[in-house]
Amino acid sequence: MFSYKLGLEYAKELDQNDVLATYRKQFCIPTNEHGEPLIYMTGNSLGLQPKITKTYVEKELNDWATLGVEGHTQGETPWLPYHELLTKNMAKVVGAKPIEVVVMNTLTTNLHLMMVSFYRPTTSRYKILIESDAFPSDRYAVESQLRHHGFDEKEGVILWQSREGEALLCYEDLETIMAAHGDEIALIMIGGVNYYTGQYFDLKRIAQLGHKYGCMVGFDCAHGAGNVNLNLHDSGADFAVWCTYKYLNSGPGSLAGCFVHERHAYNKELNRFTGWWSHNKQTRFNMRDDFDQLPGAEGWQLSNPPILSMAAIRASLDMFGGVGMHALTEKSKQLTGYFEFLLQQLGDHTINIITPKNPEERGCQLSIQVMNADKRLHTKLTKAGVLSDWREPDVIRCAPVPLYNSFMDVYLLVEKLKVILNDK
Ligand SMILES: *Cc1c(COP(=O)(O)O)cnc(C)c1O
């Protein structure tokens with residue numbers, strides 16, 4: 001646990017003692033019309049651009065310009081095995097073995113591909129359990145899978161809900177649901193870090209509980225990857241998916257990650273959708289061979305991937321590889337703890353932080369509920385040079401990202417918020 005002090009001088013001192021402080025200079029920080037940096041608190045929606053990204057992308061553009069089709073096999077970073085350059089660092093970021101991880105497609109696409117394999121409903125066991133405030137895309141994906149298999153999308157979804165008047169979910173309630181309906185549930189699919197409240201779930205506990213009742217268990221880690229130590233392998237989850245444009249700073253709509261637990265790596269019986277990129281690399285281009293499944297997560301690839309997007313991911317992952325998730329989460333806990341401290345010191349009874357207080361149960365994001373507020377509050381913050389995220393009806397989400405946000409950012413944010421709250 002850290003202890004903090006008030007005041008501008010203390011914020012400066014924290015920045016001076018920050019061992020990751022130099023990383024901020026390696027990012028492009030958006031500015032206002034006067035060229036002054038904005039206080040960027042939306043790395044949970046779109047992470048900032050590392051300055052090295054341009055070099056990585058330009059390199060592939062140059063190879064394409066000078067090599068044409070030969071770029072697939074020639075040049076320093078041939079495109080055919082290009083995704084393999086991402087695997088090691090990505091596996092480290094999410095706490096997995098290399099065979100369990102691949103970068104491919106986009107997030108919701110990967111979620112569907114995973115459900116093709118891990119949602120295998122029967123007439124008695126066909127329900128899908130999700131958290132009540134699941135990200136809309138996840139809910140739609142789950143509902144469409146139920147419809148696709150001929151089930152009713154409302155009846156087939158079981159919600160893990162928070163208690164009356166509370167925002168966070170309780171494991172005891174999940175246990176109660178499982179005791180009553182465990183044998184009807186085919187799949188548990190939870191957002192590893194809830195996008196709205198910032199609650200980071202105990203993945204291992206949920207996976208163990210699900211497996212005890214014979215369910216498959218998967219996680220959408222869009223808000224977890226690059227933010228918390230996910231330890232996916234150790235969690236025992238059957239699969240996980242995440243995007244790379246939030247905390248992984250790889251650019252708008254960039255490709256997504258996918259994890260399939262090692263115990264499924266060599267199982268050729270698993271139902272799946274396939275394409276030529278799921279086929280054995282050695283014989284892929286013979287074209288006329290019968291299908292030969294690639295082992296591991298790579299065996300779920302369909303297409304040859306967009307290299308320009310992968311180049312941006314590679315730039316970012318090289319940076320993550322250099323920093324390491326341990327150092328990152330250490331700073332993150334201090335930065336978000338400082339943010340929480342300053343908010344509490346405001347002594348304003350109209351604000352309520354709904355994110356868990358325990359640093360082990362959250363990432364960098366704090367979701368701040370403001371009583372009787374509406375979107376004008378968010379507009380005022382934006383005018384004051386803070387990019388934050390507003391979620392109806394009354395929540396501001398702010399994510400101080402340890403790689404590029406400073407303690408000064410957090411200090412200034414709270415100062416601005418104080419002024420705005422006082423004049424409401
Ligand atoms: C950001 C996010 C998405 C977005 O899905 P895309 O397929 O990348 O558009 C889906 N689910 C969760 C939980 C997210 O946080």
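Just so you know, ligand 1 is whichever comes first in the structure, and atom 1 is the first atom listed for that ligand. Residue numbers count from 1 along this sequence.
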Ranked by distance from atom 12 (C) of ligand 1, the top protein heavy atom is Phe135 CG, 3.3 Å

### Query
Ignoring hydrogens and geometry, is there a side-chain-to-backbone donor-acceptor pair from Lys127 to Glu184 under 3.5 Å?
no

Looking only at protein heavy atoms, what sits closest to atom 9 (O) of ligand 1 is Tyr245 OH, 3.7 Å

Review point. His233 and Glu100: side-chain donor and acceptor closer than 3.5 Å?
Key: yes

If you scan protein heavy atoms around atom 14 (C) of ligand 1, the nearest is Lys246 NZ, 2.8 Å

Any N or O on Thr106 sitting closer than 3.5 Å to an N or O of ligand 1? no

Sorted by chain and number, sequence neighbours left out, side-chain contact (heavy atoms from CB on, under 4.5 Å) with Lys54 holds for Glu58

Numbered in order shown, the ligand 1 atoms found under 4.0 Å of a heavy atom of His223 are 15 (O)

Applied to residues 328-345, the side chain to side chain donor-acceptor pair (under 3.5 Å) test, sequence neighbours excluded, yields Asp18-Lys331, Asn229-Thr329, Lys333-Glu360, Glu340-Arg362

Pi-cation contact, Trp300 with Arg272 (under 6.0 Å, within 45°):
yes

Quick look: Thr108 vs ligand 1, heavy-atom contacts under 4.0 Å, and the answer is both

When rounded to the nearest 0.5 Å, the distance separating CG of Asn271 from CZ of Phe118 is 10.5 Å

Ranked by distance from atom 11 (N) of ligand 1, the top protein heavy atom is Asp138 OD1, 2.8 Å

Checklist line | ligand 1 to Tyr195 polar contact by distance, N or O atoms, under 3.5 Å | finding: no

